[in-house]
Amino acid sequence: MKKKNNNYPSKKNNAPARPQRVSNFEPRQRKKEDYAKVNGGVFVYSKPVTVAELSKAINVPSPAIIKFLFLNGKAVTINQLLDDETIGTICLEYDYDFKKETVVDETHFEELEIVDDPASLQERPPVVTIMGHVDHGKTTLIDAIRSSRIVDTEAGGISQNIGAYQKEVKGKKITFIDTPGHAAFTAMRARGASVTDIVVLVVAADDGVMPQTIEAIDHARAADVPVIVAINKMDKPGANPRKVVEELMAHNLVAEEYGGDIITVQISAKTGKGIPELLENILLKAEMLELKANPIRYAIGTVLEANLDKGEGPKATLLVQNGTLSNADYVVVGETYGKIRRMTDEHRAVLKSAGPATPVSVIGLSAVPSAGDRFMAFPEERQAREIAEKRQLAKTMQQRSGTAALSLADLNNLVNAGKVKDINIVVKADSDGTAQALKANLEKMSTDTIKVHVLSASAGAISDNDVLLASASGAFIYGFNVRPDARVRQKAEEAHVEIRLHKIIYELLDEMTAAMKGMVVVEKVESVTGQAEIRHIYKISKVGTIGGSYVTSGVLKANSKIRLLRNGVVIYEGTLGSLKRYKDDVKEIKEGYECGLTIDGYNDIKEGDIVEGYELVEKK
């Protein structure tokens, strides 16, 4: 005899007990109140879920979900993963809203999308970087502003190693990054850190737009930062502000008086004239930007400078960008961590806390971080240490696996995979006309799906600044009739920046076209074997000009293909003639040794010229 199941009611006529149906699988017959709501009626998820997982989350039986989908033309099983569209359809059917969240591992706190309660947001000071050409008065302007601050506050001298300071104007503070053309400026922006809100571009009124002025404009444009132009040296007799304004128009910086949106202020950093107006315009621009932050949260920000102090150990200058950094907080800085043992301002005054847009110098880290590293405060030392260790491991793996910058091969692969949308390029050429022509032709290659951005196009040798800009912006460099020296080439390799060199324009454009179509083919490319600097000139009849040289990198081989560089620009290509060590002919000379050399059919060599040997190898 079977034991009676008391969980089910019996009929009155003593008929055998039968289980009662617990639920009707017809979704529209079930009442809404029967379903337990999830988070106020919103199903929140971060990754694809199965039918079973969704069923449990919204308290709807799996058979009901499967039947609903089947009636709508989609056959699924209980363990099948559902796509976003299907999840949305099911949720709406059962009167739920739905939301997909992007979950970021705390190890990658740079990628966290911080959404603060609007009620907790407060106005913060603007962060300003002063940039411009050498000798145009950046340092003098900085000193003038610093002197104003010292007079206003009657405080002591400002530390020269903090890298940032604040100025109070009409009761409001302005934070300045005081290293003009800061080496990590673009790198910080590229890592997602909005370090600088405004760039003050200093241009000398008697000199006009110069190469480093253009570089500063390129960096500001790549970082998408508004620019205020300070036309300096107005006290000099040859000052011509109109010339400056007109030259800036050629670089798409149109002054307000010409119908543009660029504020220009005429100043003299030497006499102090115009500096109050400059500061007021910075505050005006900041007001338009509506800069706000939440001081009631753990701090997050960026490293401006760092060094190893003999007495205090690892020391870093941090810019707090959101939240409040407190003395004794645990912080992860780049791939290192520590507990803040002391925090000071630019006057070396000890601080207990620092709010948004405040620069501070801290000690207590386990190692020296790098300029441009991001930092975040955490409540526990164990948490900070574990995150720092994971970040160090991730960085090591990234260095082993490849590059963050885009190479031509990467571009080709991304095009084939349909994943590329923007291509960033830095162009250097032997003349400005050629550079601008290449820029125009490269940008014309943009399509509906792929946009080509030439971040910088200028004349001259490929420099450290070009490598920095390319590395920070995920770009590669095109060089036309110019070459990088050994030091720049090494820096590019360390930063994983690809440099593509050409001497025929249509070949450069054809290469780019092929890459954008995903059609890169095997080609012969140059491999530099070595470079030598010519330090002495000897002219011998019947022999020609002999260059007394010193091999600065690699190996120089007899009878190899060479090019002669003068100030980074190619002036001749040919073949190496004789190669001698003392009086003996040799097949090659290695780095660190002196030699005498001649170039077949060419005698116009000068001291300081660079002889670069190369060979052609097949490469995809």
Side-chain angles (χ1 to χ4, degrees), residues 211 427-438 457-463 466 477-490 492 499-511 523-581 585-591 593-617:
V427 173
K428 295 304 290 276
D430 54 350
S431 70
D432 188 62
T434 303
Q436 298 307 319
L438 284 170
S458 59
I462 298 171
S463 66
D466 299 319
I477 299 173
Y478 262 134
F480 184 82
N481 266 348
V482 294
R483 314 289 302 180
D485 61 24
R487 182 179 53 81
V488 172
R489 191 184 297 276
Q490 181 180 359
I499 300 176
R500 308 287 297 182
L501 302 170
H502 287 272
K503 55 186 177 181
I504 300 174
I505 287 181
Y506 75 80
E507 288 184 354
L508 184 155
L509 298 176
D510 287 348
E511 177 183 86
E523 60 176 342
K524 285 189 175 182
V525 297
E526 297 171 3
S527 174
V528 175
T529 60
Q531 288 185 337
E533 180 185 354
I534 295 178
R535 297 184 172 180
H536 302 284
I537 300 296
Y538 306 97
K539 293 187 178 181
I540 301 176
S541 58
K542 297 183 181 180
V543 177
T545 305
I546 297 175
S549 308
Y550 178 81
V551 179
T552 57
S553 68
V555 178
L556 212 58
K557 300 178 180 180
N559 302 316
S560 67
K561 293 180 178 295
I562 62 96
R563 57 177 56 87
L564 190 67
L565 311 178
R566 188 168 295 158
N567 296 323
V569 177
V570 180
I571 61 172
Y572 181 78
E573 292 196 45
T575 305
L576 194 64
S578 60
L579 188 63
K580 291 181 179 289
R581 173 78 173 155
D585 289 316
V586 292
K587 292 183 178 180
E588 64 180 34
I589 296 291
K590 295 182 179 179
E591 179 181 345
Y593 289 91
E594 295 179 339
C595 64
L597 59 83
T598 61
I599 299 174
D600 281 347
Y602 191 81
N603 290 311
D604 186 24
I605 57 178
K606 297 180 179 180
E607 291 182 6
D609 286 353
I610 301 295
V611 176
E612 181 178 81
Y614 67 95
E615 56 190 12
L616 298 176
V617 296

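Bear in mind the structure is a predicted one, so any value in this text is a computation, not a measurement. All values below come from the heavy atoms of this structure, side chains included, with hydrogens, waters and symmetry mates left out.
- In this structure, OH in Y614 is found 5.5 Å from NZ in K561, a value given to the nearest 0.5 Å.
- How far CG of N603 is from CD1 of I537: 10.0 Å, rounded to the nearest 0.5 Å.
- Counted within 6.0 Å of OH on Y593, heavy atoms from surrounding residues, nucleotides or ligands total 12 or fewer; the atom is thus considered open.
- The backbone N or O of G548 lies less than 3.5 Å from no partner atom in the side chain of E594, so there is not a single donor-acceptor pair.
- Looking at every heavy atom in both residues, V551 comes nearest to C595 through CG2-SG, 4.4 Å.
- Considering only heavy atoms from C-beta on, Y478 comes within 4.5 Å of E511 through its side chain.
- Taken from CD in E607 to CZ in R535, the straight-line distance is 11.0 Å, to the nearest 0.5 Å.
- Atom CG of N567 sits in a sparse spot, with 12 or fewer heavy atoms from other residues, nucleotides or ligands closer than 6.0 Å.
- Nearest heavy atoms, V586 versus A558: O-CB, 3.8 Å.
- A 4.5 Å side-chain heavy-atom check between K428 and D466 finds at least one atom pair inside the cut-off.
- At least one side-chain heavy atom of R483 sits under 4.5 Å from a side-chain heavy atom of V570.
- Around the NZ atom of K580, the shell of radius 6.0 Å holds more than 12 heavy atoms that belong to other residues, nucleotides or ligands.
- Among all heavy-atom pairs drawn from T434 and F480, the shortest one is CG2-CD2, 3.5 Å.
- Here the CD1 atom belonging to I462 is positioned 5.5 Å from the CG atom belonging to L501, to the nearest 0.5 angstrom.
- Panel note: side chain R500, backbone I477; no donor-acceptor pair is recorded below 3.5 Å.
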Worked check of salt bridge (Lys or Arg N to Asp or Glu O under 4.0 Å) between E573 and R563: CA-CA 4 Å; E573 292 196 45; R563 57 177 56 87; 3.8 Å; yes
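- Applying the side-chain contact (heavy atoms from CB on, under 4.5 Å) test between S578 and each of D600, T598, I599 identifies T598 as the sole match.
- In this structure, OG in S553 is found 9.0 Å from CD in Q490, a value given to the nearest 0.5 Å.
- Considering only heavy atoms from C-beta on, S549 stays 4.5 Å or farther from V611 through its side chain.
- When side chains are defined from C-beta on, L438 counts as touching L508, because their heavy atoms get closer than 4.5 Å.
- Of all heavy-atom pairs spanning L556 and L579, the tightest one is O-CD2, 3.5 Å.
- Considering CZ of R487 and OG of S463, their distance stands at 9.0 Å, rounded to 0.5 Å.
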Residues T552, I610; criterion side-chain contact (heavy atoms from CB on, under 4.5 Å); working and verdict: CA-CA 9 Å; T552 57; I610 301 295; 5.6 Å; no
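- Between A435 and A457, the closest heavy-atom pair is O-CB, 3.7 Å.
- Taking 4.5 Å as the limit, every side-chain heavy atom of T529 sits out of range of all side-chain heavy atoms of E588.
- Each of D609, T545, I546 was checked for a side-chain contact (heavy atoms from CB on, under 4.5 Å) with I534, and the lone residue meeting it is D609.
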